[in-house]
Amino acid sequence: MAITLSDTDRQMLAGDRGEAARLAMSILVRMAEVLEADEMMDVTQAHIDGCGLLSDAGLEFAETLAAKGGKVVIPTTLNMGPLDLRNWRQFGVDEDFAAKAIRQGKAYTDMGCIPTWTCAPYQGYLTPRFAQQIAWGESNAIVYANSVLGARTNRYGDYIDICAALTGRVPRCGLHIKANRKGQMLLRLIDFEPALLRDDVFYPVFGYLVGLLAEDKIPVIEGIPATVTGDQLKAFCASAASSGAVALFHAVGVTPEANTLEEAFQGGRAEKAVEIRPADWRAALAELSTADQDAKLDLVVLGCPHYSFAEFRKLTELIRAAGPAKLHPGVELIVITSGSSYALVERTGWLDELTAFGVRITLDTCVFHTPIVHPRTKVVMTDSGKCAYYCPGELNVRVALASTGNCVRSAVEGRVRREDA
Amino acid sequence: MARILKGRPVVPGSARGEALVLSEPLCFWGGYDVATGRIINPRHEQAGQIAAGRILLFPRGKGSSTGSAILLESIKGGTAPAGIINMRTDPIAAVGAIVADELYHRSLPIVVLPEESFRSIGQGDHLLIEPDGTVTVNPD
């Protein structure tokens, strides 16, 4: 199957714009064949996920492109990296690991990538606009950009992201095309108490459930209140993209391509309709949590995706409410965030309170990519569905998902207070 | 007796090996251990099984975009599956395989089979994958 290439595509493929662009274009054209796209198209912004995992192959790929003189041709942000560039020593990260991580990051910034170092780039700088054609990696950000912002990206895996950034081109297919963004299945929330739908803890669990139900289809959801917050949708996106392969969802009356049910389906019909009831939500909550009630707690992780300013405010209020109690000895509480959120938090008085309680904040990174979780850690709590989902496999721990409030309560008591206890 | 199944060659190539059939979608990141070539997501029904050197079947991909990085690293390290067969194209696995080919001239074939053909392959079947997407089950 022959793909139609523009003159610029051909020039890049011939090496006229340098070796890095040639290699990038070669990979992109092969992906176009995989995805059965007829032609390439422009994207005007990229977000790199490939800078996250520190691996020999990943480092080699990045350094190869940088050494070949690769320079991004569109504004390109970076996902969280394998290192808290500011604080890694305080977290006991190995020097050799840090040196390699710094090299990997430098390869990307040498290519002109912007050092945002966050998995929530939609809550920092360069937020894409509605219908903007972008090439984003990072599963949670892909869902958020497509669904909440109405920008257009496919589910790009690591390394195709930098190829798109170096060329400004991607295969024209999938969610870049409006007609492919129509809803495919209908999910209706039935019999939920409004109070639960306003509660932050609803969203990471609901996202996990939707990921399992929708798989890689486009779900249209009826029943999410119009007052849902950006952070709640962030948690939902992160979970749905972990338990499933969701890249786009529509929430009627909430997301920009779904003012009405009909708009969400673009006039078409749902392939299937599923009702979700509170018992389904409770079952999902139970599935996500593998740690027992009252288990000795070792670590609380907050900030997957990176905590926002608003989430820091909520955490500070919870810690004040717990006062004068502090973090239980033997329990660690780590909050992961972006430099941009942290910079705002620094302007408040909260850091002193958080530190006095025992909170440790790490920037620009991810507990799954940077070695800051102590090997003796056995039991983790989190308010993140994504974190809960990956903890057992990635960290070899038992995990409980609970509201931020219950995470703080558990951190004070030193024992797991399950959400469903 | 040999059976011949026609598939779409997502990443063309040849491979031969024993089938490891996963009943659920797979995310390589958090699901595949680069060091041992095992399926490690404890939520997965086939957790603990060795996929390295086998033909790995999973219906489709899911989860983290870092999956391609894990697949690339396992191809580099020699702990990757010998080949992959899906029911639906996994763009994340495909990128990993394509980049491995470009960087190391070493990769693995990925084939998409129609559902009925995919489900006809049993655990432990011997499989031969060919560059045109043909999958022969229990070749003579």
Side-chain angles (χ1 to χ4, degrees), chain A residues 23-24 26-28 30-31 33-36 49-50 52-58 60-61 64 79 136-142 154-161 163 171 173-174 211-212 215-216 241-247 287-288 290 366 368-369 386 389-396 398, chain B residues 8-12 24-35 38-44 47-48 59-77 80 86-104 106-107 110-112:
Chain A
L23 175 55
S26 177
I27 292 169
L28 284 163
R30 288 181 71 171
M31 270 313 285
E33 285 159 8
V34 167
L35 300 171
E36 298 181 292
D49 186 62
L53 180 76
L54 181 62
S55 69
D56 289 338
E60 192 172 342
F61 185 64
T64 298
N79 212 32
W136 271 27
E138 170 58 51
S139 58
N140 99 79
I142 290 163
N154 279 327
R155 243 167 76 80
Y156 289 113
D158 285 10
Y159 312 137
I160 198 81
D161 43 24
C163 294
C173 63
L212 293 177
E215 297 176 327
D216 59 352
S242 303
S243 62
V246 176
E287 252 175 58
L288 267 173
T290 58
C366 170
F368 298 127
H369 285 333
K386 172 169 180 168
Y389 186 78
Y390 286 123
C391 260
E394 275 296 297
L395 297 179
N396 193 27
R398 277 169 289 129
Chain B
R8 183 169 92 85
V10 167
V11 177
E24 290 159 29
L26 179 72
C27 172
F28 278 88
W29 185 80
Y32 196 94
D33 182 32
V34 170
R38 275 182 206 276
I39 305 298
I40 51 159
N41 181 348
R43 300 179 190 277
H44 213 282
R60 64 183 175 284
K62 69 172 190 185
S64 172
S65 37
T66 307
S68 39
I70 294 294
L71 184 58
L72 176 69
E73 188 72 353
S74 68
I75 292 171
K76 179 185 166 83
N86 304 121
M87 245 163 50
R88 269 221 277 286
T89 306
D90 177 5
I92 290 177
V95 171
I98 286 169
V99 173
D101 191 31
E102 295 279 334
L103 267 193
Y104 305 124
R106 196 187 338 150
S107 190
I110 301 181
V111 171
V112 166

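By convention in this document, chain letters (A, B, ...) are assigned in the order of the sequence lines, proteins followed by strands, and residues within each chain are numbered from 1. Nothing here was measured: the structure is a model prediction, and the numbers come from that model.
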Proximal component of Leu288(A), with respect to chain B [non-hydrogen, under 4.5 Å]: both
Using a 3.5 Å distance criterion without hydrogens, assess whether the side chain of Ser65(B) forms a donor-acceptor pair with backbone atoms of Glu138(A). yes
Note, Leu53(A) side chain near His369(A) side chain (heavy atom, < 4.5 Å): yes
Using a 4.5 angstrom heavy-atom cutoff, name the option from Gly61(B), Ala69(B), Ala94(B), Gly30(B) with the most pairs to chain A. Ala69(B)
When the 4.5 angstrom heavy-atom criterion is applied to Tyr156(A) and chain B, the contacting part is backbone
In terms of heavy-atom pairs under 4.5 Å, which option from Asp161(A), Asp158(A), Leu395(A) contacts chain B the most? Asp158(A)
Do Tyr104(B) and Glu60(A) pair up side chain to side chain, a donor and an acceptor below 3.5 Å, judged on atom types alone? yes
Let's test your reading of the structure: which of Ala241(A), Gly244(A), Gly137(A), Gly58(A) forms the most heavy-atom pairs below 4.5 Å with chain B? Gly244(A)
Applying a strict 4.5 Å limit to non-hydrogen atoms, the region of Pro25(B) in contact with chain A is neither
Could you look at Ser55(A) and say if it's the side chain, the backbone, both or neither that has a heavy atom under 4.5 Å from chain B? both
Counting heavy-atom pairs under 4.5 Å with chain B, which one of Ile27(A), Ile160(A), Asn79(A) comes out on top? Ile27(A)
Is any side-chain N of the basic residue among Asp216(A) and Arg155(A) closer than 4.0 Å to the acidic one's carboxylate O? no
Note: vs chain A, highest number of non-hydrogen pairs under 4.5 angstrom among Leu103(B), Thr89(B), Asp90(B) is Leu103(B)
Return the option, out of Lys76(B), His44(B), Glu24(B), with the maximum number of heavy-atom pairs under 4.5 Å with chain A. Lys76(B)
Less than 4.5 Å apart, side chain to side chain, heavy atoms only: is that true for Ser107(B) and Ile98(B)? no
Is there a donor-acceptor pair closer than 3.5 Å between any side-chain N or O of Asp101(B) and the backbone N or O of Val99(B)? no
Within the structure provided, determine whether Asn41(B) and Cys27(B) are in side-chain contact (heavy-atom separation under 4.5 Å). no
